[in-house]
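Every value quoted in this text rests on a predicted model; they were computed, and no experiment measured them. Numbered from 1 within each chain, the chains take letters A, B, ... in sequence-line order.
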Number of protein chains: 2
Amino acid sequence: MDLRRLVYFVAVAEELHFGRAASRLAIAQPPLSRQIAQLESDLGVMLIDRSRSQIRLTQAGSVLLERARDVLERLDRTHREIKRIGEGFSGHLRVAFVGSATYGVLPNVIKAFRSAYPDVELALSAMNNAEQKRAVIQREIDIAVARPSLEDEELKSEPLLQEPLILALSDTSPLLERQVTRLAALKAETFVLYPRKPRPSFADHILNICLEEGFIPKSQVLAQDYQTAISLVSVGVGIALVPKSVSQAERPGVAYRAYEGHNPGTALSLNYRRDNRMPHLFNFLKIAQDVMRRQRKQ
Amino acid sequence: MDLRRLVYFVAVAEELHFGRAASRLAIAQPPLSRQIAQLESDLGVMLIDRSRSQIRLTQAGSVLLERARDVLERLDRTHREIKRIGEGFSGHLRVAFVGSATYGVLPNVIKAFRSAYPDVELALSAMNNAEQKRAVIQREIDIAVARPSLEDEELKSEPLLQEPLILALSDTSPLLERQVTRLAALKAETFVLYPRKPRPSFADHILNICLEEGFIPKSQVLAQDYQTAISLVSVGVGIALVPKSVSQAERPGVAYRAYEGHNPGTALSLNYRRDNRMPHLFNFLKIAQDVMRRQRKQ
DNA sequence: CGGGTTCGATACCGCGTCGTCATCAGCGTG
DNA sequence: CACGCTGATGACGACGCGGTATCGAACCCG
């Protein structure tokens, strides 16, 4: 049962006239007659009663008309549906992000994407770098928002945001009285650091900064993530270096201060498989760039 | 969107392997690759991710797979449905019949048709000859069970049953005491006759019989149909000639007797448009013949 | 009742598309 | 590094579709 024949049949069934149907289909009448005859012999059923000058549908023909219309309409809808997915206006996109991206630009990017592509279902999940890397390689997620970035042959990485580090201190700390704090002056404080694995870790990053400033923190405490670090700071365990955007989340007992000294900052990046060609991904990257450009202008 | 391509796509999507899909479709691999590529360019959407040795469906491809399966299955079901209608195993058939066919063979024919073609919806309606003729010509019904038959250039008629006439008498009639009644002996009785139009009417038929027997009934009463005639007989208005099958419906106050004399009987016929080619009609005619043959044997 | 008109069917032809075989190109693997 | 596997590409023959011309039947109308 060829689709063309179904379309032809619907035209004939609706016009009840081969000539008019043919001109509606923009073909000549003879091929139309033949296609209908062919359809009938394929099905082994008469569809059209030609016994009179005014042709008429048989019972089988009436039923086929209904069914054919339904099928053709479904195919048409499917065509449009598929096209929208192919253009990235529909479908779904799976994004993972590190916890420290929750504040700052990511929410803006998400919001912008949502309003530009409201029919795309965004699946968001928080993961640390290691989980992200595994998931994006396994194609469980499409985009990983990582800090600073995921390095792998299979992956591509694009910078999203470069931000400075700032000091997080207990709000009862005497250090707050100074206007500016030189990092090296804090060598005696307890530093809250982060997991050492996988290398190179953010812990290494912080320690390198201290080394650049000529000291190694004497006293160190480990926290799983920035939130935990901030908690430790709030109860007076020590001080921490965190990305500036983390300070956007106000926390009782914690104060933030810029510091003087080596500040390579920390980067947030968008990571995805090189071979991932889905349009949603490119749309997301484009939106992210737009948001960043706009934010930088302000 | 060609149907063949949809079938091909489903095969590839299910096998996730062009070679296997091609052999499943019993074609070579190159045309399959080309057809899929063609489908993709028709839709303007990538359906298959060929970036790895193990191919994979894109989001658009996954959705298309679902939709295509659905459409193909619908078409398959439609194919079978249409075929069944074309063979007369499904669909509907509209039959009209004269009231006097309610007893006798028609119920048996209907029953036999119902059991042979249980999925055919039978629309039954009682009509007199004039209504039947109009309805069958207007294609409002497919078969008219008429007495004796409908005559028209557009129609064809097949005998269903030839049955003798019998006398209907009041059960208090003194005529009952004789074994056999000669029709001419009843010339003084009141005869219940039937509408005179349209010509030739059943009234004419009865009067012809009387003429053959050499008399014209002196006293005549008109009844719309056999049931009314029997009612009139039951209340002692007169006597009536009715088809033998009508006597199957026992009626208090009425007795039936065979009579001696001219008895051309009366025919029941199946009537339908010459140009009506629907299989249900032929099936019905065949069943009717079978039932009649069987009944005659008994 | 016969000629003209209308409408679907048939005959034949040219072209596009499909399927085949042969071959290429990329990637993974021993 | 060579080989094998897999999908893409090229060239070619065959079939099917649509086009024009024409037929045949039914209907209309004077």
Side-chain angles (χ1 to χ4, degrees), chain A residues 1-43 45-58 61 65 137-139 152-155 273-277, chain B residues 1-43 45-58 61 137 139 152-155 273-277:
Chain A
M1 206 183 332
D2 192 347
L3 256 202
R4 178 197 293 113
R5 290 185 182 140
L6 237 46
V7 174
Y8 285 7
F9 172 74
V10 170
V12 172
E14 286 179 352
E15 299 286 347
L16 289 177
H17 190 288
F18 279 75
R20 281 196 298 275
S23 70
R24 196 174 104 182
L25 294 166
I27 63 170
Q29 169 263 320
L32 180 56
S33 286
R34 247 182 314 139
Q35 292 299 337
I36 300 296
Q38 192 66 38
L39 179 60
E40 285 178 322
S41 87
D42 282 359
L43 293 172
V45 179
M46 294 303 289
L47 300 171
I48 292 176
D49 177 3
R50 304 166 172 79
S51 58
R52 292 275 154 162
S53 66
Q54 170 70 349
I55 63 176
R56 195 185 338 273
L57 293 183
T58 63
L65 175 58
I137 287 179
Q138 298 290 317
R139 300 174 206 271
D152 192 285
E153 183 54 33
E154 304 252 37
L155 305 184
R273 287 191 64 101
R274 284 181 187 286
D275 62 9
N276 191 340
R277 297 254 174 285
Chain B
M1 208 183 331
D2 191 348
L3 210 36
R4 177 198 292 116
R5 289 184 184 142
L6 236 45
V7 174
Y8 286 6
F9 172 73
V10 170
V12 173
E14 285 178 352
E15 298 287 346
L16 289 178
H17 189 286
F18 279 75
R20 281 197 297 276
S23 70
R24 196 174 104 182
L25 294 166
I27 62 171
Q29 168 264 320
L32 181 56
S33 287
R34 249 179 311 150
Q35 292 299 338
I36 300 296
Q38 192 66 39
L39 179 61
E40 286 178 321
S41 87
D42 281 359
L43 294 171
V45 179
M46 294 304 289
L47 300 171
I48 292 175
D49 178 3
R50 303 164 173 81
S51 59
R52 291 276 154 163
S53 66
Q54 170 70 349
I55 64 177
R56 195 186 336 275
L57 294 182
T58 63
I137 287 179
R139 299 174 206 271
D152 194 284
E153 183 53 35
E154 305 253 36
L155 305 184
R273 286 191 65 101
R274 284 182 188 287
D275 62 8
N276 191 341
R277 297 254 174 285

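Within residues 32-42 of chain B, the residues having any heavy atom under 4.0 Å from DNA chain D are, by residue number, B:S33, B:R34.
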> Taking it one step at a time, do B:R50 and B:I36 satisfy side chain to side chain contact (heavy atoms under 4.5 Å, CB included)?
Replying inline: CA-CA 12 Å; B:R50 303 164 173 81; B:I36 300 296; 3.6 Å; yes
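At the heavy-atom level, B:R5 lies under 4.0 Å from the strands shown only through sugar-phosphate atoms. Within 4.0 Å (heavy atoms only), B:A28 reaches sugar-phosphate atoms of the nucleic acid but no base atom.
In this structure, the side chain of B:R273 engages the main chain of B:I137 through a donor-acceptor pair within 3.5 Å. The closest donor-acceptor contact from the side chain of A:R5 to the backbone of A:L39 lies at 3.5 Å or more, if one exists at all.
Nearer to the 5' terminus of DNA chain D, by closest-nucleotide assignment, is the contact made by A:Y8 (compared with the other of A:P30 and A:Y8).
Between the CG atom of A:L25 and the C1' atom of D:dC17 there is a distance of 14 Å, rounded to whole Å. Between B:D275 atom CG and D:dC27 atom C1' there is a gap of 15 Å when expressed in whole angstrom units. Rounded to whole Å, atom P of D:dC17 lies 7 Å from atom CG of A:D2. Here the C1' atom of nucleotide D:dA8 and the CD atom of B:Q29 are 7 Å apart, to the nearest Å. At whole-Å resolution of the value, CZ in A:R274 and C1' in C:dG26 are 18 Å apart. Atom C1' of nucleotide D:dC17 and atom CZ of B:R4 are separated by 12 Å, given to the nearest angstrom. The separation between B:H17 atom NE2 and D:dT6 atom P is 4 Å, rounded to whole Å. Spacing between atom CG of A:L47 and atom C1' of C:dG8 amounts to 16 Å, rounded to whole angstrom units.
With D:dG19, C:dC18, D:dG7 as the candidates, the nucleotide lying closest to the side chain of B:F18 is D:dG7.
Phosphate contact (OP1/OP2 of D:dA8, side-chain N/O of B:R50, threshold under 4.0 Å): present.
Looking at every heavy atom in both residues, B:H17 comes nearest to B:G19 through ND1-N, 3.1 Å. Closest approach of B:F18 and B:S33 over heavy atoms only: CD2-OG, 3.4 Å.
Put simply, OG on A:S41 and CE on A:M46 are 10.5 Å apart, with the number rounded to the nearest 0.5 Å.
Under the 4.5 Å side-chain criterion, counting only non-hydrogen atoms from C-beta, A:I48 is in contact with A:E40.
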